[in-house]
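Accompanying notes for the structure given below.
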Amino acid sequence: MQQTHDNVLLNWLFSETCETYQHQGRILYRYEESEYVLELQSHLPYRCRVIFSVEATAEIESWLALIPTGAHIAELKRQNDLSGFEVATQSVSDEWIMSFPQQVSAEIVLVQQPLAQLNVPGLLVMDMDSTAITIECIDELAAMAGVGKDVAAVTARAMRGELDFEASLRERVAKLAGADEGIIQSLCDSLPLMPGIESMIAELKSHQWKLVVASGGFTPFVGHLKHLLDLDAAYANELVIKEGKLIGEVTGEVVDAQYKANVIAKSAKQWSIAAGQCVAIGDGANDIPMIQAADLGLAFHAKPKLVAAADAAIQRLDLRALVFCLQA
């Protein structure tokens, strides 16, 4: 991490070997991340994690200078260029937590449950649209087919609660009837990956994690991602195509919110994933059952309903932040 000479606390945490920090009568203690579960959690029950990019270093240093005396701090070492640390305390300091800097490239995650272990094989199930990739595929297909406004109108009705997921899916897909199947390949060829996903996947794979996409979108796109990112499985809805044209229908079981939730148990059984090692991440209300079925459910740049239902939220950083939410 790039630092300036003014970042006294961060320099101590990330660079020095001294186990204590003393300044103006305040004493802080440093520990190794793995020591929390083994030795510290019984008398330091409250902890939070901070993840940040170099651009936010000054703001994080200023906030950290207000840390309650007696706090314990551990550096979080991960295989990407974000920085992170954990703070453990005997009691909650709501004022300090609430003063965390906003509108900067940084996250604070309150740890309120045991975390999945990074260095033990686990399972990550991801939503696709606006989570693994930056777009909503149905909207892009609709725009390419010249029916973008019509599909948007259906989406708006669904968001108002006038349609459930399956009804809105079928109505939106119906708008694509007659479109040339070539638009599917064109979109596959230009799918924009969510920033940080390749780094996140590489680190999880280095610890033998299984990686799955479960999407209310469509099979060509999850199949493309599965191949591109070397994922272990991918689930989505299948568009019906005849004579080179979309006929405006999907076939087979609809991948809805409950289906996505069921993927957690199905995948955990398939690969004998240990208890506590299932993680899910998504961005919309349709992901709520899925993240609640996981041992750790993460909201990513998500709608308020999902943030409220999730165990933790990543709101400003990219997917590199996910590995900092796991216990090393």
Side-chain angles (χ1 to χ4, degrees), residues 125-194 197 210-267 270 280 282-290:
V125 179
M126 299 175 282
D127 177 42
M128 178 177 68
D129 294 344
S130 299
T131 301
I133 60 176
T134 64
I135 61 171
E136 296 284 331
C137 286
I138 183 66
D139 294 339
E140 298 298 319
L141 285 179
M144 296 167 76
V147 292
K149 290 184 178 180
D150 294 336
V151 167
V154 178
T155 301
R157 290 172 56 207
M159 294 185 69
R160 292 194 299 267
E162 298 172 13
L163 297 169
D164 64 17
F165 177 80
E166 181 171 350
S168 66
L169 172 71
R170 293 189 184 280
E171 191 165 336
R172 285 181 290 176
V173 169
K175 304 292 185 184
L176 301 176
D180 191 284
E181 69 171 331
I183 64 174
I184 293 175
Q185 188 59 51
S186 295
L187 187 53
C188 279
D189 292 340
S190 60
L191 276 186
L193 296 177
M194 186 63 69
I197 191 170
K210 297 297 184 181
L211 306 171
V212 176
V213 167
S215 171
F218 308 112
T219 52
F221 308 116
V222 298
H224 179 79
L225 282 181
K226 181 175 183 291
H227 174 75
L228 182 65
L229 300 173
D230 191 25
L231 305 178
D232 296 285
Y235 302 90
N237 297 295
E238 185 176 352
L239 292 165
V240 180
I241 300 171
K242 291 184 179 179
E243 299 180 354
K245 301 289 184 181
L246 280 69
I247 69 167
E249 297 177 8
V250 292
T251 186
E253 186 177 359
V254 168
V255 179
D256 59 8
Q258 188 56 50
Y259 188 107
K260 294 169 74 170
N262 293 344
V263 167
I264 301 285
K266 174 182 177 180
S267 300
Q270 177 180 353
D283 73 295
N286 196 49
D287 297 314
I288 290 175
M290 180 178 75

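On a predicted model such as this, the values are computed, not experimentally measured, just so you know. Counting begins at 1 with the first residue of the sequence.
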Search all heavy atoms of [X] against all heavy atoms of [Y] and return the closest pair with its distance.
{"X": "A280", "Y": "I264", "value": "CB-CD1, 4.0 Å"}
{"X": "A214", "Y": "V125", "value": "CB-CG1, 3.9 Å"}
{"X": "D283", "Y": "S130", "value": "OD2-CB, 3.5 Å"}
{"X": "N237", "Y": "G216", "value": "ND2-O, 2.9 Å"}
{"X": "S186", "Y": "S190", "value": "O-OG, 3.2 Å"}
{"X": "A236", "Y": "G217", "value": "CB-O, 3.6 Å"}

Do [X] and [Y] have side chains that get closer than 4.5 Å, going by heavy atoms?
{"X": "E136", "Y": "T155", "value": "no"}
{"X": "V213", "Y": "K226", "value": "no"}
{"X": "L193", "Y": "L225", "value": "yes"}
{"X": "Q270", "Y": "K210", "value": "no"}

Polar side-chain atom of D232 near backbone of V212 as donor-acceptor pair, under 3.5 Å: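 Not confirmed, D232 side chain does not pair with V212 backbone.
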Main-chain N/O of A167 paired with D164 side-chain donor or acceptor, under 3.5 Å: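 Pair found, side chain donor or acceptor close to backbone of A167.
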Qualifying residue for side-chain contact (heavy atoms from CB on, under 4.5 Å) with E249, from I247, T251, L246: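 Single side-chain contact (heavy atoms from CB on, under 4.5 Å) partner of E249 among I247, T251, L246: I247.
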Option passing side-chain contact (heavy atoms from CB on, under 4.5 Å) with E140 (candidates I183, L191, I135):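 Single side-chain contact (heavy atoms from CB on, under 4.5 Å) partner of E140 among I183, L191, I135: I135.
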Intermediate values then yes/no, side chain to side chain contact (heavy atoms under 4.5 Å, CB included), T131 and M194: CA-CA 7 Å; T131 301; M194 186 63 69; 5.6 Å; no
Supply the atom-to-atom distance [X] [atom1] to [Y] [atom2], rounded to the nearest 0.5 angstrom.
{"X": "C137", "Y": "H224", "atom1": "SG", "atom2": "NE2", "answer": "10.0 Å"}
{"X": "Q185", "Y": "D180", "atom1": "CD", "atom2": "CG", "answer": "12.0 Å"}
{"X": "L239", "Y": "F218", "atom1": "CG", "atom2": "CZ", "answer": "5.0 Å"}
{"X": "L176", "Y": "L141", "atom1": "CG", "atom2": "CG", "answer": "6.0 Å"}
{"X": "M128", "Y": "K260", "atom1": "CE", "atom2": "NZ", "answer": "9.0 Å"}
{"X": "D129", "Y": "D287", "atom1": "CG", "atom2": "CG", "answer": "10.0 Å"}

Pair C188-F221, side chain to side chain contact (heavy atoms under 4.5 Å, CB included): steps then yes or no: CA-CA 6 Å; C188 279; F221 308 116; 3.5 Å; yes
